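What follows is one structure encoded as structure tokens, with my remarks underneath.
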Amino acid sequence: MDFRCRARTSILIAALLFATNTSVHANPLVEIKPGESTRADMEALLGAPSGAGALSRYSASAAGLSEVVAGYDKAGVLEWARVALVKQLSPDIAVLLFDNLGAVAIETGNGLGGDTEQGRTEHYREAGVHFYVSGDVVREIWLVRPGADVAAVARAAGAPPVAAGSVAGVPETGVLRRLQVSAVWCEYVADEGGIASLNVYATVETEGLKDKLLTMRYVLIDPSGTIIKTSAGKPFSGGFADTVLYDNSKWAKATGTVDLRGLSTGGVHQARLRWEALLPDMGACSETMVALDAAGEGAAGTVTVSNVRGEAGGSGGADGIWLYADVTANGCTGKVLRGWAAMRTSSGIVKSKQKDYANGEGALSAGSQDTVKYDTASWTPFKLFIPYAAFDLPGGKKHRVMITYMAACEGVGSRAEQEVYIDVP
């Protein structure tokens, strides 16, 4: 399976594969384009700037941005943008807000023009996206022209040192949150020339997300892991945003259409169709293989993850928590299905005290695998276990933890998220 996004350990890379954010208006970050966006574009996206002066400041809190500070060239074209989020996110969640970031280079300290040596800077230079991270929280995001020297840009912009601040977390009480894409499928629409378009569908379920603006997006991904482009050369994505009306909401048949005649497939005959359901701090998706033309006939493979939950228990004489999810795989007979789980709190990823339950960065994780024996196979549930002794969390109290559960098989995968309470002894 190709794991695009970050060159990290398997659990984090897998976590990021299955959730990118949208290019529809609900996410302004992907529409802030240094070297392309004009003052008029930015005002249309973020509203009129506040105040006057050499720098333009914008607010877009409804879309998940606290503030955007922008610099323009003499022609009024955006040179750079400095972004602060409403919610302070871990980098593994913040990266979901962008498409196709490519490889990451990590630098110790603040490489964005500040004078602090704390934290780290994550550079996605090819995309022109740069994070300053401190305390496992993204403190600011800089967007520059792809390949530009962001430190030089930041210094020229007079960027002050970043304040450490406190981590804004989710409430420790209230309804636990859930987000899952429990089914994804499509139907082909043909004309005299063959397959002309795809009608794409998904079942999306939420809990505890009432009044949130949920972004739905569907993308086609080629075998290299790149989003297939339109005939105009832009990465294809379709979708919409919808408000969650109830504490428990369900889109039984969310619908979209892909005009295959408007895509540049580069001779690719099959692709992954991924349906994503996204919030600024949560993400879920499922994937299925689809044929893009007659030569791709017989495309198979669908994986979904749903009904994530946790249950206290024991294994091998150790007390801990079992992590369960319902996993289905279609068209994967004889192949290996892999399942992973990771956790985070409002202040960032949960660390591990035991190397057997840690990835290369020390984050708490667990994984397992099984061979798919049938054309339609189900694990109800797929099981993973983590002992309490591995949790790097204070004992003797209850913790509100988000479980990210993933499964993948031969090029297709799924991701779902569910909050639980964990009592660490």
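No experiment lies behind these values; they were computed from the predicted model shown.
Under a 4.0 Å N-O distance rule, the pair R177/E207 does not qualify as a salt bridge. Residues E205 and R178 are not paired through a salt bridge, judged by the lack of any N-O separation under 4.0 Å between the basic side chain and the carboxylate. We find that R145 and E79 are joined by a salt bridge, their nearest charged nitrogen and carboxylate oxygen being less than 4.0 Å apart.
In this structure, S249 contributes its side chain and Y246 its backbone to a donor-acceptor pair below 3.5 Å. Remark: side-chain polar atoms of R415 are paired, donor with acceptor, to backbone N or O of G283 under 3.5 angstrom. Distance alone, capped at 3.5 Å, is enough to place a donor-acceptor pair between the R139 side chain and the S134 backbone. Q418 places no side-chain N or O within donor-acceptor distance of the main-chain N or O of I403, the cut-off being under 3.5 Å. In this structure, T121 contributes its side chain and G109 its backbone to a donor-acceptor pair below 3.5 Å. Checked by atom type and distance alone, the side chain of W275 never pairs as donor or acceptor with a backbone atom of W185 at under 3.5 Å.
Between D41 and E36 the shortest side-chain heavy-atom distance does not fall below 4.5 Å. Here the side chains of L220 and L273 are in contact, with some heavy-atom distance below 4.5 Å. Side chains of V150 and L112 form a contact here, defined as non-hydrogen atoms less than 4.5 Å apart. For the pair M289 and V412, the minimum side-chain heavy-atom distance is below 4.5 Å. Contact annotation: the side chain of V69 never approaches that of S56 to less than 4.5 Å [non-hydrogen atoms, C-beta and beyond]. Side-chain contact between T243 and L214 is absent, with no heavy atoms from C-beta onward closer than 4.5 Å. Looking at heavy atoms from C-beta onward, L384 lies out of side-chain contact with I386 at the 4.5 angstrom threshold.
Partners of D259 by salt bridge (charged side-chain N to carboxylate O under 4.0 Å, His left out), not counting sequence neighbours, listed by chain and number: R261.
In this structure, R274 fails the cation-pi test against Y218, since its NZ or CZ atom is not both closer than 6.0 Å to the six-membered ring centre and inside 45 degrees of the ring normal. Annotation: cation-pi geometry satisfied between K398 and Y421 (NZ/CZ under 6.0 angstrom from ring centroid, within 45° of ring axis).
Judged by distance alone, the side chains of S306 and Q180 never bring a donor and an acceptor atom under 3.5 Å apart. In summary, the side chains of S414 and S286 do present a donor paired with an acceptor at a separation below 3.5 Å, with no hydrogens or angles considered. Side-chain atoms of E107 and H123 include a donor-acceptor pair closer than 3.5 Å.
Ring geometry for Y388 versus F391: interplanar angle of 30 to 60°, hence tilted.
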Before giving the answer on side-chain hydrogen bond (donor to acceptor under 3.5 Å, both in side chains), spell out for T304 and T328 the whole-Å C-alpha distance, their side-chain angles and the decisive distance to 0.1 Å.
CA-CA 5 Å; T304 61; T328 62; 2.4 Å; yes
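Listed by first then second residue, pairs satisfying salt bridge (charged side-chain N to carboxylate O under 4.0 Å, His left out) with a partner in residues 301-327 read R309-D326, not counting sequence neighbours.
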